[in-house]
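Atoms within each ligand, like the ligands themselves, are counted from 1 in listed order.
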Amino acid sequence: MTETAAHESDAQETAVRESAPALLSVQDLTMTFPGRRSVTGRRGAPVRAVDGVSFDLAAGQTLGLVGESGCGKSTTGRMLVRLLEPTSGRIAFEGKDISRLSPSGMRPLRKHIQMVFQDPHSSLNPRQTVARIISDPLLVQGWSASDARRRAAELMELVGLIPEHIDRYPHEFSGGQAQRIGIARSLSTSPRLIVADEPVSALDVSVQAQIVNLMERLRAELGLAYVFIAHDLSVVKRVSDRVAVMYLGRIVEIGDKKSLYENPQHPYTRALLSAVPLPDPAAERRRERIVLLGDPPSPAAPPPGCTFHPRCPKAQPICRTERPLLQPAVSREVACHFPGD
Ligand SMILES: Nc1ncnc2c1ncn2[C@@H]1O[C@H](COP(=O)(O)OP(=O)(O)OP(=O)(O)O)[C@@H](O)[C@H]1O
Ligand code: SF4
Ligand SMILES: [Mg+2]
């Protein structure tokens, strides 16, 4: 395909996506935590963990959310499922603003929006049987105990577990099986959106692919949408339609997976991708690694201007004073004064 044709095809894909109604629409989402108290009792500066995050997600699609530790991925995910109330901003699910709903206001929507956690064993109650763990969300929704148990057995089968093991306890399962239980629980109420926060990072590499395949199959069969949070860019590439790259609480680049991976525009995205191992050893030897200096700054004291400037190999004087906003580029948006090569 020529470059022009590729751009036209990207533009058509973008137009189709934009004409589809958003299942989830997030605008200017912000979370500021109060500063933690030191040993002397003094409170530190407030932590702006998420700072003006916006994106749309269509039904049946996956948005991958990536970035270094502490950039605000989990905080974003927890706001989306309303385990946390945003400091400001708007989260609309199927057009309804859910960002300020009380727990009772959220109850009817809970069944549509579920979460899968990183550590399957610590997210499952060790004193509950699998039957109880999977059927609990159904009992909350008013199902009878016998119907909920039957549904739990069906879900075990759907996620590749043996339904006869329904009365076992979490410790009787391996990590991968425990994550299947977590996924079955999240599916019990037939949600339309699942926020998966590092769902495979705690698992052995050999098991990760099985869980990713399972999630892909369930998405296709059940028409689910995922917000898939991970620091492993290879996994995100596999599962996502679109990818958002976060740095210090903000999205710095967001766009179609293919164009973002093939032609990253933000220096931070380029650095992250340059660290992903290539399958071809010769290509791996030839490729240029962009090594980022130091750690990300604290979100309690973000640098002025572009918050990436102290680590950016392309930084110019304007980067130290003017914050770059997300600007449309081909098939994506980028927050950088000097995007591209
Ligand atoms: N309850 C809290 N109180 C104060 N600060 C918090 C709280 N929860 C998170 N933070 C801070 O907010 C920032 C974002 O944290 P978050 O857990 O969202 O990052 P993350 O991208 O999920 O990181 P990781 O990849 O390590 O899971 C971090 O600086 C973290 O220390
Ligand atoms: S705005 Fe400047 S410092 Fe920030 S990423 Fe772009 S070039 Fe680097
Ligand atoms: Mg996290």
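Note on Thr75: not counted as a metal contact of the Mg ion (ligand 3), no N/O/S atom lying under 2.8 Å. Taking backbone and side chain together, Cys306 holds an N, O or S atom under 2.8 Å from atom 4 (Fe) of ligand 2.
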- Task: Run the numbers on Tyr261 and Leu273 for side-chain contact (heavy atoms from CB on, under 4.5 Å), then give the verdict.
- Result: CA-CA 7 Å; Tyr261 273 73; Leu273 287 175; 3.6 Å; yes

- Task: Verify side chain to side chain donor-acceptor pair (under 3.5 Å) between Glu216 and Tyr226, making sure each step is shown before the conclusion.
- Result: CA-CA 10 Å; Glu216 279 291 87; Tyr226 293 129; over 6 Å; no

- Task: Would you check, one step at a time, whether the test side chain to side chain donor-acceptor pair (under 3.5 Å) holds for Asn263 with Arg270?
- Result: CA-CA 8 Å; Asn263 187 15; Arg270 297 174 85 86; 4.6 Å; no

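The Phe338 neighbourhood of ligand 2 comprises atoms 7 (S), with distances under 4.0 Å to a heavy atom of that residue. Interface of Phe308 with ligand 2, defined as ligand atoms under 4.0 Å from a residue heavy atom, comprises 5 (S). Distances below 4.0 Å separate heavy atoms of Pro299 from the following atoms of ligand 1: 29 (O). The His266 neighbourhood of ligand 2 comprises atoms 5 (S), with distances under 4.0 Å to a heavy atom of that residue.
If you look at Gln316 next to ligand 2, there are no close heavy atoms at all, none under 4.0 Å.
Of the protein's heavy atoms, Ser74 CB, 3.8 Å lies nearest to atom 17 (O) of ligand 1. Nearest non-hydrogen protein atom to atom 6 (Fe) of ligand 2 is Cys336 SG, 2.2 Å. Protein heavy atom closest to atom 18 (O) of ligand 1, with residue, atom name and distance, is Thr75 OG1, 2.5 Å. The nearest protein atom to atom 9 (C) of ligand 1, hydrogens excluded, is given as Phe33 CE1, 3.5 Å; this is a heavy-atom distance. Scanning the protein for heavy atoms near atom 1 (S) of ligand 2, the closest one is His337 N, 3.3 Å. Ranking protein heavy atoms by distance to atom 23 (O) of ligand 1, first place goes to Gly70 N, 2.7 Å. When only non-hydrogen protein atoms are considered, atom 24 (P) of ligand 1 lies nearest to Ser69 OG, 3.6 Å. Here the protein heavy atom with the shortest distance to atom 8 (Fe) of ligand 2 is Cys312 SG, 2.3 Å. Nearest protein heavy-atom contact of atom 25 (O) of ligand 1 is Lys73 NZ, 2.8 Å. With respect to atom 2 (Fe) of ligand 2, the closest heavy atom belonging to the protein is Cys319 SG, 2.3 Å.
Paired with Glu253 under the rule side-chain hydrogen bond (donor to acceptor under 3.5 Å, both in side chains), one option of Arg332, Gln265, His266 passes, and it is Arg332.
Per-atom contact check: atom 28 (C) of ligand 1 touches the protein, criterion being a heavy-atom distance below 4.0 Å.
For CZ of Arg42, the number of neighbouring non-hydrogen atoms (other residues, nucleotides, ligands) closer than 6.0 Å is 12 at most. In Arg127, the CZ atom is not crowded: 12 or fewer heavy atoms of neighbouring residues, nucleotides or ligands sit closer than 6.0 Å. By the 6.0 Å contact criterion, CD1 on Ile162 is open, its count of non-hydrogen atoms from other residues, nucleotides or ligands being 12 or less.
Between the side chains of Asp56 and Ser25, at least one donor N or O sits under 3.5 Å from an acceptor N or O. Ser54 and Asp28 form no side-chain donor-acceptor contact under 3.5 Å, judged by distance and modelled atom types alone. Side chains of Arg151 and Ser135: a donor-acceptor N/O pair is absent below 3.5 angstrom, by distance only. At a cut-off of 3.5 Å, with distance as the only test, no side-chain donor of Glu322 or His337 sits close to an acceptor on the other residue. A donor-acceptor contact closer than 3.5 angstrom links the side chains of Tyr247 and Arg311. Side-chain contact annotation: Asp204 with Ser206, donor-acceptor N/O pair under 3.5 Å absent.
Using a 4.0 Å cutoff on heavy atoms, Cys71 counts as a contact of ligand 1. For the ligand labelled ligand 1, residue Arg36 lies inside the 4.0 Å heavy-atom shell.
At least one donor-acceptor pair closer than 3.5 Å links the side chain of Arg100 to the backbone N or O of Pro86.
Here's the thing with Val47: none of its N/O atoms is less than 3.5 angstrom from an N/O atom of ligand 1. Annotation: Thr76 places no N or O atom under 3.5 Å from an N or O atom of ligand 1; distance criterion only. Not a single N or O atom of Ala49, backbone or side chain, sits closer than 3.5 Å to an N or O atom of ligand 1.
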